[in-house]
Number of protein chains: 2
Amino acid sequence: MTDRAAPGAPIPPSPWHRLPDRPVKRRGEPISREAIVAAAIRLLDADGLAALSMRRLAEELGTGAASLYWHVGSKDALLDLVFDELIGEGVGEFGDGTEAPDPSRWREQLKEIAQAQRALSLRHRYLVRISVGRIPMGPNALRLSERVLAILLAGGLPPRVAVQGYLLLVAVVNGFTMDETGMGDAPPAPDAGTRPGDPASPGETGAMARDYLASLPADQFPVLVSLADEFALTDRNERFAILIDTFIDGLARRATKVRPDESA
Amino acid sequence: MTDRAAPGAPIPPSPWHRLPDRPVKRRGEPISREAIVAAAIRLLDADGLAALSMRRLAEELGTGAASLYWHVGSKDALLDLVFDELIGEGVGEFGDGTEAPDPSRWREQLKEIAQAQRALSLRHRYLVRISVGRIPMGPNALRLSERVLAILLAGGLPPRVAVQGYLLLVAVVNGFTMDETGMGDAPPAPDAGTRPGDPASPGETGAMARDYLASLPADQFPVLVSLADEFALTDRNERFAILIDTFIDGLARRATKVRPDESA
DNA sequence: ACCTGAACACCGTTCAAGT
DNA sequence: ACCTGAACACCGTTCAAGT
């Protein structure tokens, strides 16, 4: 319907996030687009999203904030680059990326990708937050989309359902990890969860919820009070597994090609 | 296991977000906690999340920014109040809130709540963004949780699954609406979607995605290129319906009490 | 082509001082 | 008990000027 590109053509720039169109030059790189992105990720990993400012980042690189603007245009554009860079890190997770979509185990392949995506978001706890409002159309995001959709098609989903299912899978995984990472900025301390009383440790959060819910007036909140204990036992790995199992099985039920191991 | 409250007791303050503990006084209210929250919501609805600053809000109320701090403690605490206030608006959506959980139509009741929650998030497009990292334990959030969990129990889910299912439902709905509202701050213009070329209108976004995907080199992205058209046809209402149908049906399959209309 | 310092127009929050 | 002005320590971004 629209323009087709010639084989082997470079990926065109997406219309959403435009960077200053600079010749890709490379020197002793005291400063370069790549170096800025790398430094930003370093800073984000170390100190969290709130710590990333153009001034602080420039300082890290031994320049003034104004210098960064020539390379990346704006902070938002820089976050676009960071976003796609991290997606690229995630794509290397499941197999080597060349493993072909296998119709007989497409659900497992999809689950692996979902797990890898969650792991990525847990490694970089600001990732889901910077992804908000960012359409994933960078080169690495495209490679990921290509792969996921290929798997869904191999699974026998009609094209329409495959696209809807892909968009939903992304939303579902992001919704879960957003809930999970919250605003927790810096990576958890090495001993998180072992130190009792640490409010950031997973077990403590559940215990706090339990205690608070149990303390509610039982005549107004009979169910919450009775279920309070369950909130302490909540296992995020199990919950994530339940989620994607449920979701992908539901998707499978929408495949037109009925495979031996499933029925309508 | 922990403290139980006497019947009819007031809801204790949750340990997560503490407000300055002020006597609830009421006067000609040139300024009060309620007035500040109401003004904040007005400002947010009109101009979006980025427009809310303590200075601007104070100006709206005819004071200086410093005055607000005595009433709400901090901007973050103010957003806690805004959050729970909006949840309260949403709770009034499905029935009158007194309609009892009905075991024979628990799935429908759950779907109504999910729909109401999405509608709320679309009415206040910043809501999902301010909910990030905010544990929903305000009075209105508690009432909502109580109701949803009662429905899940009425549906025959074991307590453990009910709690997990509830937490997942919230994450799933938020993930979807987060994707949907993105960073789109102000409410769409009254004629959004009718004005061709408006990049914020729903149809246009799909068309942009289609055109861009179709323009990719087909040898590197055969699947994306072939599915490009589907991205333009994507219907968010349909997609949301697919999502919660899939999810709730999956939940139902985990109920131990097998009801007549379902099987393991 | 690349970098800089200085400025502009903002932030959230604190605090001594007022009434 | 409530409000205030002024200050502190920040932001993202622009822009004329340098090399």
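Here is how names work: the chains are called A, B, and so on, in the same order as the sequence lines, proteins then strands, and each is numbered from 1.
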Taking side chain to side chain contact (heavy atoms under 4.5 Å, CB included) as the test, write out the residues that go with [X], two or more places apart.
X: B/Leu79; value: B/Leu52, B/Ile130, B/Arg134
X: B/Val170; value: B/Tyr166, B/Asn174
X: A/Ala66; value: none

Which atom names give the shortest non-hydrogen contact between [X] and [Y], and what distance separates them?
X: A/Ile11; Y: B/Leu216; answer: CG2-CD2, 4.0 Å
X: B/Leu78; Y: B/Ile36; answer: CD1-CG2, 3.9 Å
X: B/Ala35; Y: B/Leu61; answer: O-CD2, 4.2 Å

In B/S/- notation, 5' to 3', how is nucleotides 14-19 of chain C contacted by protein heavy atoms closer than 4.0 Å? BB----

Could you measure between the two C1' atoms, the one in C/dC3 and the one in D/dA16, and give it in whole Å? 13 Å

Nearest whole angstrom, please: distance from the C1' of C/dG12 to the CG of B/Leu68. 11 Å

Check DNA chain D for consecutive Watson-Crick or G-U pairs with both distances under 3.5 Å and list the runs of at least three as stems. C:4-8 with D:12-16, C:12-16 with D:4-8

Within less than 4.0 Å of OP1 or OP2 of C/dA1, is there a side-chain N or O belonging to A/His71? no

Looking at A/Ser67, I'd like to know whether one of its side-chain N or O atoms comes within less than 4.0 Å of OP1 or OP2 on C/dT4. yes

Sugar-phosphate only, base, or nothing, as touched by A/Leu52 at under 4.0 Å among non-hydrogen atoms: sugar-phosphate

What does the list of N/O pairs under 3.5 Å between the protein and nucleotides 8-10 of chain D look like, with a distance for each?
none

Do NZ/NE/NH1/NH2 and the carboxylate oxygens of B/Arg56 and B/Glu60 come within less than 4.0 Å? yes

Name the closest nucleotide to the B/Trp70 side chain, picking from C/dC3, D/dT13, D/dC2. D/dC2

